[in-house]
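Working notes, structure below.
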Amino acid sequence: MCLSILLNTKNVGYDFKNIENKWQAHWAKNQTFNVDNHSTKPKFYVLDMFPYPSGAGLHVGHPLGYIASDIYSRYKRHKGFNVLHPQGYDSFGLPAEQYAIQTGQHPAKTTQENINRYREQLDQMGFSFDWSREVRTSEPDFYKWTQWIFLLLFDHYYCNTSNKAQPITQLIERFQEEGNKNIEAVCDVATPHFTSEEWKEFSANEQQELLLNYRLAYLSDTEVNWCADLGTVLANDEIINGVSERGGYPVTKKKMKQWSMRIGAYAERLLQGLEQIDWSESLKEMQRNWIGKSIGAKVFFQIEGHNKKIEVFTTRPDTIFGVTFMTLAPELDLVQEITRPDQKAAVEAYIKETQKRTQRERMADVKSCTGVFTGSYVLHPFTQERIPIWIGDYVLADYGTGAVMAVPCGDQRDYDFAKHFDIPIKNIFNNVSIEEEAFTDKGTAIIDHSEFLSGLSYKEAMKRSISELEAQGSGEGTINYRLRDAIFSRQRYWGEPIPVYYKDNLPQPLELKNLPLTLPEVEKYLPTPEGAPPLGNAETWAWDTQKEQVVDNTLIDNKIIFPLELNTMPGWAGSSWYFYRYMDAQNSDSFVGKEAVEYWKEVDLYLGGSEHATGHLLYSRFWQKFLYDLGLLPVEEYAKKLINQGMILGTSAFVYRKPGTQTYLSKDIISDSEKLEPIRVDVNLVNSADELDIEGVRKWQPQFKNADFKINNGVYRVGREVEKMSKSKYNVVNPDEICEQYGADTLRMYEMFLGPIEQAKPWNTAGISGVHNFLKKYWRLFYDDELLIVTDDQPNKKELKILHETIKKITFDIEHFSFNTCVSGLMICVNELTALNCHSKAILSPLTLLLSPFAPHLASEIWKNLGNESTIDHVDFPLVNEAYLVEDIKNYPVSFNGKMRFTLELSLDLDNLAIQEAVLKDTRTTEYLEGMTPKKWIIVPNKIINIVF
RNA sequence: GCCUCGGUGGCGGAACUGGUAGACGCGCUGGAUUCAAAAUCCAGUUCUUUCGGGAGUGUGGGUUCGAUUCCCACCCGAGGUACCA
């Protein structure tokens with residue numbers, strides 16, 4: 001017994017613990033991966049999406065992308081590049097705030113603790129980060145510049161003539177000269193026209209209000225999900241079935257004055273920019289769809305007996321004669337104005353109902369058809385027919401104008417609505433039946449019963465209807481984007497303060513020299529009893545315009561001292577530009593120094609999850625384009641290439657409780673008819689055969705202390721389910737334990753071996769021993785126990801072939817981010833060399849370099865023991881010598897007449913590239929080829945052979 | 001609902017532009033070594049079979065001499081859906 005314990009604890013041969021401690025200390029001491037902004041080497045910037053430091057610590061899903069980017073960074077260093085590979089923390093966020101609400105601890109404190117834990121875990125895995133450039137979005141030194149960018153956005157408008165952002169001062173000058181009638185600028189729809197004289201007569205406040213309609217950061221009334229009981233605004237994410245996830249309180253829509261970003265101004269450029277970047281086609285497609293460009297027309301419908309017109313956007317102006325009703329989004333202000341007294345009650349009730357539904361529910365629900373008639377009519381622009389106005393929640397207020405002209409014969413949604421409410425349907429298509437469903441095929445449509453449009457195709461009718469609408473002033477051709485302006489206010493504590501104070505209810509920006517405007521201390525992190533954001537709890541949160549500093553609220557006189565903004569910025573603010581800060585993290589004069597940004601320019605490889613496709617990855621492109629317009633950044637797209645890593649899923653474990661009892665049935669003795677409550681248990685209490693550690697569970701949670709576990713054949717078997725890895729699901733697997741048991745190199749290789757980097761996959765430690773065994777086997781190529789057994793023997797051709805095949809494969813696979821097949825390739829190589837009993841230094845030395853990006857600790861140790869003076873980290877990667885590969889290639893893929901392919905076994909006369917003998921290997925095709933005699937053979941070594949008949 | 005991605009042995013996955021499906025690893029089976037265990041090594045392992053073969057890459061069709069790969073329809077799973085990060 002004693003003996004076996006002794007033997008088990010002694011690590012024979014590959015002692016990963018010592019090796020890893022040694023090299024991590026070496027890297028830290030020598031700052032091996034700190035990178036210089038002045039280098040003669042070509043630059044390469046590898047960026048990870050920085051983590052949010054959560055209280056659960058880093059789990060095995062986090063490092064997946066970091067390992068991949070680290071492999072690539074190390075590879076690039078071996079290829080002679082000056083590699084910038086930084087890391088930092090996206091340290092503002094909701095969870096820290098919620099923890100603060102529960103415990104009263106300052107979020108800065110818990111964030112710092114979490115960061116310390118993350119750092120420890122990251123260091124343990126041997127990443128080659130340049131930590132001297134670390135950034136944290138919640139540090140005043142960093143958010144000073146986030147606030148500065150906000151001020152820049154506030155100070156600019158989007159000029160459609162120069163097609164870029166321009167200073168607001170320029171706009172003011174033009175207003176003074178000519179008013180706003182001829183100005184091509186992106187602004188709010190409702191902005192009235194004024195002349196130069198009128199502008200000059202406006203009061204200063206009136207002018208400021210008008211300018212807000214043009215600023216890229218602006219204030220406007222926006223709808224939010226309001227939960228009165230929690231006293232806070234909720235994300236759609238936090239709402240389940242119309243009630244809050246926490247507590248189950250009702251949620252309603254509420255209008256609030258909020259900061260927004262005019263991202264819509266950049267819609268077209270965000271779309272066009274996708275063409276220049278090497279991102280996956282699927283991700284670009286997601287962004288395209290999110291931006292949602294559609295070409296169509298605005299049409300104005302005169303409201304009967306009213307001086308107003310309703311503006312609609314339609315992609316099908318060709319079907320304008322098929323309009324039989326109009327639908328408005330229930331939340332439009334206009335609805336109140338036009339509702340007739342006899343419909344008032346029904347409309348009000350309907351609006352109330354809609355307020356309970358989230359937008360997502362409304363979009364997801366296509367089956368039920370709901371709506372109410374307002375009692376009012378609009379007039380058709382061409383026929384002057386009366387068209388009833390309805391409201392319906394399938395129309396969304398923030399897409400287009402929130403109003404649609406309904407053409408039931410040409411749109412299925414309108415068709416269903418018309419059928420349901422018995423509204424007439426007009427068929428305006430030639431020779432098409434609309435008895436069963438709407439006719440939506442644009443390709444074959446011929447318009448009929450439509451005056452001047454009759455007989456025209458879709459394309460012709462589109463053109464003609466737009467020109468007719470324009471001629472009579474009741475519409476115009478236009479382009480609409482689905483992309484909405486981004487709401488920028490958050491009623492939270494733990495975010496960047498918006499550097500603005502209010503004078504006469506108008507926002508006044510601070511200046512750069514006043515930044516950072518640091519977060520005030522508060523007693524409570526909840527909203528105030530009056531419903532103001534948490535910053536409303538601060539006692540020192542007023543701006544003294546003379547002293548230019550934050551002072552006590554009691555001093556507010558609205559002459560010199562004014563109240564500061566209470567909202568904070570959203571999570572995406574800091575993450576929209578952090579990658580530039582890494583280039584020059586210590587710079588206190590600028591967000592990034594000119595020299596640094598000229599050198600690094602842009603990110604060459606960006607790695608992160610695809611869940612950010614339409615959030616972070618769009619917002620950051622928007623800010624990039626804006627800062628580029630101002631001449632602050634050298635490129636319009638910041639990330640040349642992007643790889644999305646798939647999420648690692650956890651395998652949760654369940655025990656099954658009989659309702660109302662403390663009896664739990666083993667999974668294998670449950671009959672189908674039994675209704676049981678599945679309860680999650682910690683996956684760490686279950687072994688690989690799904691057997692539960694019953695005693696462990698009893699200790700784990702009090703509810704199981706006296707539970708009755710019904711076992712089968714002596715074991716309790718749990719149920720399994722794959723879902724998102726999360727602390728609350730008790731399925732988190734921590735990398736620390738694996739590092740402890742197998743070492744970081746094994747963890748790194750195993751995570752890569754698990755599958756393609758871009759694919760989502762469940763975490764399963766079952767195969768980890770295979771990778772660990774590989775590293776042990778690798779070690780044994782070099783050492784007999786502790787003694788180096790590498791020889792100076794000349795390698796034979798077979799060994800050289802194995803090595804060069806592997807070099808070729810690894811190089812190709814790293815460059816294509818196929819790290820799982822890299823690991824396989826290395827395994828095959830080591831197996832073959834072991835079988836040949838190869839210990840030749842000429843083979844093993846380059847092989848060490850191949851291993852280095854994947855298992856850097858082990859590679860470093862071996863490299864040093866091979867007698868190399870320099871450490872392995874910046875040594876040249878081995879090059880493939882094709883000569884070793886060509887030699888005995890026998891199997892060539894063959895194509896006939898450039899079309900068919902199969903395999904041919906050839907004996908080649910390599911000197912003349914002539915075929916000596918050819919044997920068809922693929923017998924299934926011989927039948928087809930019978931009687932055909934080749935006229936010409938075209939041979940390209942290592943490529944395809946073409947045979948022309 | 002909509003957008004994007006995925007579905008291959010008991011498991012993770014491989015298969016380059018359509019050409020011997022299941023590389024590599026796990027697990028399992030048998031063997032060697034060992035007093036025994038660990039570790040290591042060797043052999044086998046898609047299913048089925050009357051041992052001739054037959055079936056097989058989510059389902060149903062299509063294109064092709066030939067389909068995991070291309071096209072159409074469907075089913076299931078994951079991510080996103082605008083205040084989680």
Side-chain angles (χ1 to χ4, degrees), chain A residues 3-4 7-8 12-13 49-52 54 90 92-95 98 224-225 232-238 258 263 280-290 292 358-367 394 398 482-492 495 570-572 575 609-616 618-619 644 646-647 649 688 722-724 750 753-756 758-771 773-774 776-777 780 812 816 818 820-821 823-828 831 834 893-895 899-903 921-925 927-929 944:
Chain A
L3 185 68
S4 83
L7 280 175
N8 278 337
V12 181
M49 286 186 189
F50 58 170
Y52 173 78
S54 103
D90 188 12
F92 272 134
L94 204 50
Q98 262 157 13
V224 294
N225 299 311
T232 181
V233 177
L234 297 177
N236 281 340
D237 220 51
E238 299 172 288
Q258 306 237 60
I263 188 173
S280 76
E281 206 36 58
S282 60
L283 190 116
K284 288 190 199 175
E285 191 62 18
M286 265 195 252
Q287 291 211 345
R288 282 187 203 109
N289 292 331
W290 186 261
T358 64
Q359 196 146 319
R360 205 182 296 176
E361 284 171 325
R362 282 166 64 178
M363 285 190 289
D365 182 10
V366 289
K367 282 179 196 126
Y394 76 99
D398 38 25
R482 202 184 72 101
L483 181 69
R484 303 202 302 259
D485 280 350
I487 299 172
F488 199 69
S489 297
R490 295 293 182 272
Q491 293 69 46
R492 314 281 190 200
W572 57 266
S575 62
S610 60
E611 67 268 27
H612 300 285
T614 52
H616 160 62
L618 203 58
Y619 295 132
N644 285 127
M647 181 178 273
L649 304 166
S688 57
V722 173
E723 52 189 352
K724 206 169 179 165
Y750 181 61
F753 188 57
L754 212 51
E758 304 198 60
Q759 195 176 299
K761 47 205 160 256
W763 178 256
N764 176 7
T765 39
I768 202 161
S769 63
V771 172
N773 285 344
F774 158 71
K776 286 198 270 188
K777 202 164 180 177
R780 286 199 304 273
F812 181 89
H816 291 83
S818 179
N820 55 329
T821 55
V823 180
S824 298
L826 284 167
M827 284 176 173
I828 294 168
N831 282 344
T834 303
V894 177
S895 86
K899 206 181 163 198
M900 255 145 299
R901 295 183 52 189
F902 61 96
T903 309
K921 263 191 89 186
D922 191 344
T923 49
R924 294 172 313 155
T925 50
E927 203 179 314
Y928 180 72
L929 295 169
I944 291 171

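Below, chain A is the first sequence line, B the second, and so on; all start at residue 1.
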Open item on the list: Both distances below 3.5 Å, Watson-Crick or wobble geometry, any strand: find the nucleotide opposite B:C41.
Closed with: B:G31

TODO: Please give the nucleotide sitting opposite B:G1 as a Watson-Crick or G-U wobble pair, both distances under 3.5 Å, or none.
DONE: B:U81

Open item on the list: Apply the syn/anti split at 90° from 0 to B:G80 and say which one it is.
Closed with: anti

Task: Presence of A:Arg490 side-chain N/O under 4.0 Å of B:C83 phosphate oxygens OP1/OP2 - done: yes

Open item on the list: Measuring only between side-chain heavy atoms, which start at C-beta, is A:Arg780 closer than 4.5 Å to A:Thr834?
Closed with: no

TODO: Taking syn as within 90° of 0 and anti otherwise, name the glycosidic form of B:G12.
DONE: anti

- [ ] Give a yes/no answer on whether the side chain of A:Asn820 brings an N or O atom under 4.0 Å of OP1 or OP2 in B:A14.
- [x] yes

Task: Donor/acceptor link under 3.5 angstrom from A:Arg288 side chain onto base of B:C3 - done: no

- [ ] Could you check whether A:Trp572 gets within reach of a base, just the sugar-phosphate, or nothing at all, counting any heavy atom under 4.0 Å?
- [x] nothing

Open item on the list: When you measure from the side-chain N and O atoms of A:Asn773 to the phosphate of B:U40, is any distance below 4.0 Å, counting only OP1 and OP2?
Closed with: yes

Open item on the list: For B:C2 and A:Arg482 - does any side-chain N or O of the residue sit under 4.0 Å from the phosphate oxygens OP1/OP2?
Closed with: no

Open item on the list: Taking donor-acceptor contacts at under 3.5 Å, does the side chain of A:Gln759 reach the base of B:C5?
Closed with: no

